[in-house]
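Computed over heavy atoms, backbone and side chain alike; hydrogens, waters and symmetry mates excluded.
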Amino acid sequence: MGTLELSKTTMQTSPFRALGSYRVLPQIAGWKTLVVAFAARAPYAMIPLGVMTAVTASTGSVAQGGYATASVALSTAIAGPLIGKWADRRGQDVPLRVLTPLNALALLGMFFAVINGLEGVALYGVGVLVGVTSLPIGSFTRSRWISQTNVPHELGAALSYESMADEFVFVLGPALVGIAASAAFPSAPLFLAFALVATAGAAFALTAPRTHRDRSKAPAKGPGVAQVLWAVAPSIMTMTAIGIYFGATQAATTMRAELAGTPTVAGLVYATMGVGSAIMAIMTVAIPDSISLPMRLVVGGAGMAVMMAVAGAVPSLGLTAAALLLCGLFVGPSMVTAFTVTEKLAPKGGVAIAMTSMQSSVTIGVSLGSGVGGAIAQNAGDNPAYFATAAAASMVALVGLALNLRKRR
């Protein structure tokens with residue numbers, strides 16, 4: 001767990017043979033489990049925008065929509081590592097079977113709160129209930145792969161697949177919110193999220209092995225949350241920076257679309273980054289093992305920064321979409337690398353805590369990036385907001401440089 005060097009067997013001898021590594025994943029987990037895990041994470045990509053849309057429409061206040069969304073996001077981020085600790089100690093089946101129905105009920109409660117016009121602290125309290133019961137599906141599936149795979153190239157393929165799945169859901173979730181809100185009513189996305197948790201989420205809970213544990217077979221007590229977070233601090237910094245990158249880019253793109261007189265296309269322009277990221281996440285297994293994990297972060301962070309600077313300089317939304325697509329080509333491998341580093345740095349018995357902390361880091365980063373990027377965009381315009389986002393990407397490269405120096409020592 002201490003080294004950041006990839007095993008020489010991690011990658012295949014050619015890109016095409018490397019992509020063949022994905023064929024083993026259904027054999028390990030089963031097609032049913034892969035499909036259920038993909039569907040189970042969809043509602044959690046819908047919740048932030050769904051809450052913002054529904055609360056804003058219900059109260060007539062964007063501020064209340066933002067506060068409600070923040071209550072969900074921050075409580076989700078705080079609860080994530082604690083749920084991971086629970087899973088490390090008791091296995092995934094216990095928290096999944098306890099929290100899944102509670103989260104479904106909390107989402108149903110948020111739906112009824114919105115349609116009945118609940119406002120203020122009471123509404124934010126419901127948001128907290130939604131957040132603390134939200135399940136880190138992507139983190140749990142990564143923990144399962146770590147215990148189920150037997151050779152490095154299988155784990156590499158699994159982590160690349162999970163990042164691709166996250167990115168596709170990242171694009172699909174907001175689209176489902178828009179479709180449901182447009183086809184029915186503003187709070188419909190919340191009911192759809194409830195339905196998905198109650199069905200796909202429940203099915204995912206049933207796929208959890210009752211005896212699942214970290215492959216390290218550590219004592220039941222395991223490491224503390226603080227110990228694990230300190231061990232994976234480089235990955236936390238990386239994922240927080242990527243979250244800031246996401247949030248600030250969304251704010252900058254929204255401002256640029258408004259200035260162009262087409263605010264409704266902001267989501268579509270922003271989604272191009274997720275498409276590029278998903279494509280390259282799945283291709284990460286083809287990166288030669290001679291390129292170390294720290295160097296991948298250096299290249300990924302530098303590429304993100306350069307392409308975001310290009311996005312800030314271009315004059316139209318069409319060119320912005322093209323630049324964001326190219327940004328995504330560097331985001332995907334950086335995220336896969338961050339999760340691989342996490343797996344290697346996590347202490348024995350703390351894999352679930354480490355993986356859930358990655359999801360929490362992104363959530364916190366998106367909140368910070370949205371706030372700071374929104375303020376810059378509002379006061380200085382869209383171009384400076386994109387340039388500020390490029391500065392966030394440079395943090396990823398700096399973490400890679402620091403890890404490289406530590407490896408040399």
Side-chain angles (χ1 to χ4, degrees), residues 35-73 75-76 99-120 122-135 137-138 165-205 250 253-254 257-258 262-271 274 363 366-367 370:
V35 172
V36 167
F38 184 87
R41 73 186 81 193
Y44 300 109
M46 296 174 58
I47 289 172
L49 184 58
V51 171
M52 171 67 82
T53 301
V55 173
T56 299
S58 173
T59 63
S61 169
V62 176
Q64 287 216 40
Y67 293 145
T69 304
S71 69
V72 175
S75 55
T76 299
L99 292 177
T100 299
L102 292 178
N103 186 239
L105 289 174
L107 283 168
L108 190 61
M110 176 62 80
F111 170 75
F112 282 116
V114 169
I115 63 175
N116 286 288
L118 192 66
E119 299 183 9
L123 177 66
Y124 309 148
V126 179
V128 170
L129 292 177
V130 171
V132 298
T133 57
S134 291
L135 289 157
I137 303 296
D166 282 345
E167 291 297 339
F168 272 125
V169 170
F170 172 74
V171 174
L172 178 64
L176 288 175
V177 170
I179 293 170
S182 300
F185 44 92
S187 57
L190 294 178
F191 189 83
L192 179 57
F194 152 73
L196 284 171
V197 171
T199 53
F204 180 79
Q250 189 171 21
T253 304
T254 300
E258 289 184 358
T262 54
T264 56
V265 305
L268 294 175
V269 174
Y270 177 63
T363 301
V366 169
S367 299
S370 297

Output the distance between atom OG1 (Thr133) and atom CG (Leu107), rounded to the nearest 0.5 Å. 7.0 Å
Can you name the nearest heavy-atom pair linking Val114 to Ser58, along with the distance? O-OG, 2.9 Å
Here the salt bridge (Lys or Arg N to Asp or Glu O under 4.0 Å) pairs for residues 193-203, sequence neighbours left out, are none
CZ-CD1 distance between Phe194 and Ile47, expressed to the nearest 0.5 angstrom: 12.5 Å
Please determine whether side chain to side chain contact (heavy atoms under 4.5 Å, CB included) holds for the pair Thr59 and Tyr67, giving the CA-CA distance in whole Å, both sets of side-chain angles, and the decisive distance to 0.1 Å. CA-CA 12 Å; Thr59 63; Tyr67 293 145; over 6 Å; no
Show the nearest heavy-atom pair for residues Ala42 and Val169, with the distance to one decimal. CA-CG1, 3.7 Å
Phe191 pairs by ring pair (Phe, Tyr, Trp, His ring centres under 6.0 Å) with which of Phe112, Phe111, Phe185? Phe111
Taking every non-hydrogen atom, the tightest pair across Val126 and Gly109: CG1-C, 4.0 Å
If you compare all heavy atoms of Phe204 against all heavy atoms of Val36, which two are closest, and at what distance to 0.1 Å? N-CG1, 3.3 Å
Euclidean distance, Leu102 CG relative to Ser134 OG, rounded to 0.5 Å: 11.5 Å
Give me each pair satisfying salt bridge (Lys or Arg N to Asp or Glu O under 4.0 Å) with a member in residues 40-61, each pair once, sequence neighbours excluded. Arg41-Glu162, Arg41-Asp166
Going through the checks in order, is the side chain to side chain contact (heavy atoms under 4.5 Å, CB included) test met by Met110 and Leu123? CA-CA 8 Å; Met110 176 62 80; Leu123 177 66; 3.8 Å; yes
Atom of Ala205, atom of Thr100 and distance for their closest heavy-atom approach: CB-OG1, 4.0 Å
Test Pro43 against every option in Leu190, Leu196, Leu192, Thr199 by the side-chain contact (heavy atoms from CB on, under 4.5 Å) rule and name the one that passes. Leu196
Could you pull out the closest heavy-atom pair between Gly131 and Thr76, with the gap in Å? CA-OG1, 3.2 Å
